[in-house]
Amino acid sequence: MKVLVTGGAGYIGSHTTLRLLQAGYDVVVLDNLVNSSRESVLRVEHLTGRPVDFRKLDLLDARGVDQLLAEGGFEAVIHFAGLKAVAESVEKPLRYYENNIVGTLNLLNAMEAHAVRQLVFSSSATVYGASGEMPLIEKAPLDATNPYGRTKEQIEDILSDLCAADHRWSIALLRYFNPVGAHESGIIGEDPSGTPNNLLPFIAQVAVGRREKVIVFGNDYATDDGTGVRDYIHVMDLAAGHLAALGHLADKNGVFRWNLGTGQGSSVLEVIETFGLVVGKPIPFQFAARRSGDAAISYADPSAALADLGWSAHRDLRQMCEDHWRWQRKNPLGYES
Ligand code: NAD
Ligand code: UD1
């Protein structure tokens with residue numbers, strides 16, 4: 001079975017491509033490399049011993065995307081490609097709306113034209129906004145609070161409208177919580193460009209000596225230790241969730257929404273402490289003001305994915321830190337190392 005993976009050179013896309021190849025799928029990766037490198041795909045080929053048909057292509061190139069789908073043989077698409085930096089989306093909303101929404105529309109038009117109607121879409125827990133009741137269930141109201149999050153919410157609406165209009169479509173909206181970790185080999189992992197926005201890559205860069213200390217955004221939240229609580233999920237568990245969703249879509253039509261999280265919340269201090277245990281030395285940190293737009297607590301109710309897909313996350317915070325650290329240690333400068 002041939003699957004198109006958009007954004008397959010990126011962090012979650014490369015790990016999912018690896019699992020797809022191991023499961024016997026043939027994979028075509030489409031990526032414009034705006035936030036990734038070709039090296040990740042080469043390493044996936046090396047790890048699996050299987051080829052990836054890589055196409056450097058921008059989803060904004062509607063003709064190019066149509067020509068790719070016109071080659072035929074695709075049964076499904078997993079759509080990771082998108083821009084994801086929250087702060088940048090506030091500064092450059094048009095870039096985010098154009099890239100994420102127009103890019104998705106180009107993909108959908110090409111899929112429709114060539115009768116490929118199975119899609120797994122990378123949504124985000126960010127669609128729930130900052131003040132929902134915990135744990136978050138899929139029916140919780142949506143209230144994204146920044147342009148990035150609104151692109152996800154709006155794409156979810158577009159995909160729901162499409163399924164309502166044409167019952168031949170099968171679409172999974174996967175709402176990821178906080179993806180972290182790396183493949184256990186330490187050969188592929190997350191390689192943020194510039195200063196990491198997210199907690200785990202920042203901690204890992206402190207641990208490897210690229211940065212002095214972690215800045216903890218707020219220690220006055222109404223949580224046990226005052227720091228923010230999140231549902232961190234190992235990227236390989238997340239990858240497995242995509243294969244489970246793909247299997248579900250094979251013989252069912254309609255739109256499906258699933259939270260992909262562990263159901264467990266961890267505080268910033270717990271993550272820093274666990275990472276320090278793994279590294280064998282404490283990670284230096286300093287408290288600072290809250291980051292604007294941050295929720296105090298966010299964690300999933302992942303029971304729908306278990307009931308419908310038989311999927312649940314297996315790896316705990318310790319393993320997430322161990323695998324993230326192995327990748328960082330072996331590749332201190334990411335894929336440039
Ligand atoms: P990533 O940046 O590593 O991967 C995204 C990939 O898409 C990159 O390789 C990038 O080059 C590519 N891309 C972007 N715009 C493109 C375009 N117009 N045409 C072709 N390729 C394009 O990000 P990731 O962490 O792997 O995230 C994958 C998806 O999951 C994204 O849609 C993201 O919004 C979503 N998501 C990520 C997180 C997270 O914390 N990492 C959480 C929730 C949702
Ligand atoms: C952020 C985005 C969210 C996106 C997700 C994954 C915001 C407001 N939200 O989620 O839209 O889907 O990343 O890309 O940006 N923290 C620190 N110091 C740091 C970094 C983070 O203390 O240097 C804290 C945060 O305050 C938070 C926790 O660590 O409590 C996790 O932060 P982060 O990894 O950025 O993820 P989210 O904020 O959950």
Side-chain angles (χ1 to χ4, degrees), residues 1-8 10-29 44 47-48 50 52 74-82 111 116-125 127-128 135-140 152 155-156 159-160 163 168-184 188 231-264 299-316 319-320 323:
M1 176 169 168
K2 186 161 88 169
V3 177
L4 174 63
V5 179
T6 78
Y11 172 43
I12 307 169
S14 56
H15 289 78
T16 304
T17 295
L18 182 141
R19 288 283 282 121
L20 288 166
L21 292 169
Q22 286 174 334
Y25 290 91
D26 293 320
V27 181
V28 177
V29 163
V44 166
L47 278 168
T48 57
R50 293 203 52 209
V52 174
F74 294 102
E75 287 190 41
V77 176
I78 307 185
H79 178 30
F80 294 103
M111 290 175 70
V116 183
R117 296 194 185 86
Q118 287 177 35
L119 177 73
V120 178
F121 172 63
S122 297
S123 188
S124 168
V127 297
Y128 293 118
L136 286 156
I137 56 168
E138 286 82 356
K139 286 203 175 98
K152 294 293 178 192
I155 294 168
E156 285 204 6
L159 295 173
S160 304
C163 282
R168 291 172 298 178
W169 280 85
S170 313
I171 298 184
L173 311 176
L174 302 184
R175 295 177 181 158
Y176 314 152
F177 279 68
N178 290 61
V180 297
H183 184 254
E184 63 194 11
I188 58 169
D231 186 340
Y232 297 94
I233 173 168
H234 196 294
V235 67
M236 292 309 297
D237 281 330
L238 201 56
H242 289 74
L243 274 81
L246 207 53
H248 190 88
L249 297 185
D251 58 2
K252 286 178 201 64
N253 297 336
V255 63
F256 306 91
R257 297 166 182 81
W258 290 296
N259 286 338
L260 297 187
T262 63
Q264 303 288 321
Y299 60 95
D301 176 342
S303 57
L306 179 61
D308 298 344
L309 305 175
W311 172 90
S312 62
H314 296 294
R315 297 162 177 90
D316 64 9
Q319 190 169 353
M320 298 179 210
D323 290 342

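Everything numeric here is computed off the predicted structure, so don't read it as measured data.
Annotation: side chain of Y25 is in contact with side chain of L246 (closest heavy-atom distance under 4.5 Å).
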Working note: T16 + V5, criterion side-chain contact (heavy atoms from CB on, under 4.5 Å); need CA distance, chi angles, decisive distance, verdict. CA-CA 9 Å; T16 304; V5 179; 5.9 Å; no
Under the side chain to side chain donor-acceptor pair (under 3.5 Å) rule, what do T262 and Y232 come out as? Steps first, then yes or no, please. CA-CA 7 Å; T262 63; Y232 297 94; over 6 Å; no
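Not a single donor-acceptor pair under 3.5 Å links the side chain of N259 to the backbone N or O of G261. When atom types are taken as modelled, the side chain of Q22 and the backbone of T48 share no donor-acceptor pair closer than 3.5 angstrom. A distance-only check finds a donor-acceptor pair linking the side chain of W311 to the backbone of D237 [under 3.5 Å]. At distances below 3.5 Å, not a single donor-acceptor pair connects side-chain atoms of R315 with backbone N or O atoms of H234. At distances below 3.5 Å, at least one donor-acceptor pair connects side-chain atoms of H15 with backbone N or O atoms of Y11. No side-chain donor-acceptor contact under 3.5 Å links R19 to the backbone of G241.
Rounding to the nearest 0.5 Å places CD of Q264 at 9.5 Å from CG of D316.
Of the residues R175, K152, E156, the one that meets the side-chain hydrogen bond (donor to acceptor under 3.5 Å, both in side chains) test with S123 is E156. If you run side chain to side chain contact (heavy atoms under 4.5 Å, CB included) between M236 and each of M320, H183, E184, Q319, only H183 comes through.
Checked against the 6.0 Å centroid threshold, W258 and H248 count as a close aromatic pair.
No hydrogens or angles considered: a donor-acceptor pair under 3.5 Å links the side chains of R257 and S160.
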